[in-house]
Novice: 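Below: one structure in structure tokens.
Whatever order the structure lists them in is the order used to number ligands and atoms, beginning at 1.
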Amino acid sequence: MTDSGAHLRLGVLASGRGSNFQSIIDAIRSKQIKAVVAVLITDNPSAFAIERAKKNDIEHLIISPKEFGSGDDFYAKIAEELKKRRVELVILAGFMRIVRKPLIDAFPNRIMNIHPALLPSFPGLHAQKQALDYGVRISGCTVHFVDEGMDTGPVIIQAAVPVRHDDTEVILSERILKMEHKIYPEAIRLFSEGRLEVRGRTVKIKGQPTPDAAIVNSPLMKP
Ligand code: GAR
């Protein structure tokens, strides 16, 4: 959380295309959130997220886990680079790895992740396909704080979308992604305003009553 007037310093970790990263850049541009992306860190030298960083004059670092003896050393290095740049909130935006202790300990309740399902359902990879295969009628996305588990940390915001009978994985993923791009900037905004309070495994949203802040759309409405 920042002093009023200050811009929250974000460090973004992404492994791929970076559309969530872009939604955060756009939200900063349009002043929806008062923040600055201090650095993009990627584990993938061909991640399209790098192009987005370049286009927006954001520093980027490629840190490959192969260069480190252990996973812990890899995460210690990431934590060190983030700290050097005075990052206050770490944003996992399609970072396809399970974060380990050295990074979590360096940023307690200060790492967010977005996952394309209504957690705790369908954690891990291919969440949208898992939802289709299971046959649920509603799925969605979740922004949560990161702990040492896989997609297990305290939930901040969720958005629901319908699953239609003729959906493919691609179509459902697109419908969910549209909502991801809404709730991730919103979660960062709430954090930047000091309105998120973690109590055990739940997150209270402080401030004026926002009954809709925890669910963005009705599953029965067309997104
Ligand atoms: C997003 O759908 C995000 O929710 C998912 O990867 C995609 C990244 O897209 N993350 C996970 O599955 C993490 N478990 P993007 O690179 O365009 O933001």
Side-chain angles (χ1 to χ4, degrees), residues 10-29 33 35 37 39-56 58 60-63 65 71 75 78 89-100 103-104 111-134 136 138-161 163 167-188 215-217 223:
L10 305 176
V12 176
L13 271 57
S15 302
R17 123 195 103 169
S19 72
N20 277 290
F21 175 35
Q22 186 68 52
S23 77
I24 292 160
I25 294 171
D26 294 345
I28 292 172
R29 278 261 152 78
I33 43 183
V37 181
V39 66
L40 165 78
I41 297 180
T42 183
D43 56 343
N44 173 12
S46 50
F48 188 69
I50 295 172
E51 304 311 313
R52 299 183 194 272
K54 285 182 184 165
K55 200 168 166 203
N56 290 280
I58 294 167
H60 73 274
L61 299 176
I62 301 166
I63 302 181
Y75 286 105
I78 291 177
L89 179 66
V90 182
I91 300 296
L92 307 187
F95 185 67
M96 303 313 258
R97 293 178 182 277
I98 297 176
V99 172
R100 306 231 322 223
L103 182 55
I104 293 168
I111 307 175
M112 285 185 188
N113 181 43
I114 187 143
H115 182 73
L118 292 176
L119 292 171
S121 293
F122 315 127
L125 293 175
H126 307 295
Q128 303 94 331
K129 182 168 187 311
Q130 291 185 54
L132 279 177
D133 290 349
Y134 197 91
V136 293
I138 298 169
S139 192
C141 46
T142 304
V143 180
H144 64 94
F145 284 114
V146 171
D147 62 14
E148 280 180 67
M150 187 175 63
D151 302 321
T152 52
V155 169
I156 302 166
I157 303 186
Q158 294 187 304
V161 306
V163 180
D167 274 349
T168 61
E169 186 182 353
V170 170
I171 289 172
L172 179 60
S173 299
E174 279 171 5
R175 190 178 304 127
I176 292 173
L177 193 65
K178 276 190 198 155
M179 300 313 296
E180 294 185 37
H181 296 164
K182 288 187 185 176
I183 66 172
Y184 217 172
E186 179 61 10
I188 296 167
I215 180 162
V216 168
N217 69 324

Novice: How about Ile62 and His60: do any of their side-chain heavy atoms sit closer than 4.5 Å?
Specialist: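 Side chain of Ile62 against side chain of His60, heavy atoms only: contact under 4.5 Å found.
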Novice: Among all protein heavy atoms, pick the one closest to atom 5 (C) of ligand 1 and tell me residue, atom and distance.
Specialist: Pro116 CD, 3.8 Å
Novice: Can you find a heavy atom in the side chain of Thr168 that is under 4.5 Å from one in the side chain of Leu132?
Specialist: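 Not in contact.
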Novice: Can you tell me if Ser19 and His181 form a side-chain donor-acceptor pair at under 3.5 Å?
Specialist: yes
Novice: Could a heavy atom of Gln22 be found less than 4.0 Å from some atom of ligand 1?
Specialist: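 Distance cut 4.0 Å: Gln22 fails for ligand 1.
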Novice: Any non-hydrogen side-chain atom of Leu177 less than 4.5 Å from a side-chain atom of Asn20?
Specialist: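 Result yes, sub-4.5 Å side-chain heavy-atom pair found.
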Novice: At a 4.0 Å threshold, what atoms of ligand 1 neighbour a non-hydrogen atom of Gly94?
Specialist: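 In order of numbering, the contacting atoms are 6 (O), 8 (C).
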Novice: Please confirm whether Asn113 comes within less than 3.5 Å of ligand 1 when only nitrogen or oxygen atoms on both sides are compared.
Specialist: no
Novice: Any donor and acceptor pair, going by atom type alone, linking the side chain of Gln130 with main-chain N or O of Leu125 inside 3.5 Å?
Specialist: yes
Novice: Compare Ile114, Thr142, Ile176 and give the one whose heavy atom is closest to atom 10 (N) of ligand 1.
Specialist: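 The option holding the nearest heavy atom is Ile114.
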Novice: Less than 4.5 Å apart, any side-chain heavy atom of Ser139 and any of Gln128?
Specialist: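 No, their side chains stay 4.5 Å or more apart.
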Novice: Which pair of heavy atoms, one from Arg97 and one from Pro65, lies closest together, and at what distance?
Specialist: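 Reported closest heavy-atom pair: NH2-CG, 3.2 Å.
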Novice: Could you verify whether a donor N or O on one side chain and an acceptor N or O on the other, from Thr152 and Asp147, lie under 3.5 Å apart?
Specialist: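 Yes, because at least one side-chain N or O of Thr152 sits under 3.5 Å from a partner of the opposite role on Asp147.
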Novice: Relative to atom 18 (O) of ligand 1, which among Asn20, Leu119, Ile98 owns the nearest non-hydrogen atom?
Specialist: Asn20
Novice: What protein heavy atom sits nearest atom 2 (O) of ligand 1, and how far away is it?
Specialist: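 Of every protein heavy atom, Glu180 OE2, 2.9 Å lies nearest to atom 2 (O) of ligand 1.
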Novice: I need the nearest protein heavy-atom contact for atom 14 (N) of ligand 1: residue, atom name and distance, please.
Specialist: His115 ND1, 3.1 Å
Novice: What protein heavy atom lies closest to atom 15 (P) of ligand 1? Include the residue and the distance to one decimal.
Specialist: Ser19 N, 3.4 Å
Novice: Please list the nearest protein heavy atom to atom 9 (O) of ligand 1 with its residue and the distance rounded to 0.1 Å.
Specialist: Arg17 NH2, 3.1 Å
Novice: Using distance alone, decide if ligand 1 has a nitrogen or oxygen within less than 3.5 Å of any nitrogen or oxygen in Gly18.
Specialist: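 Looking only at distances, the answer is yes, because the N/O contact criterion of under 3.5 Å is met.
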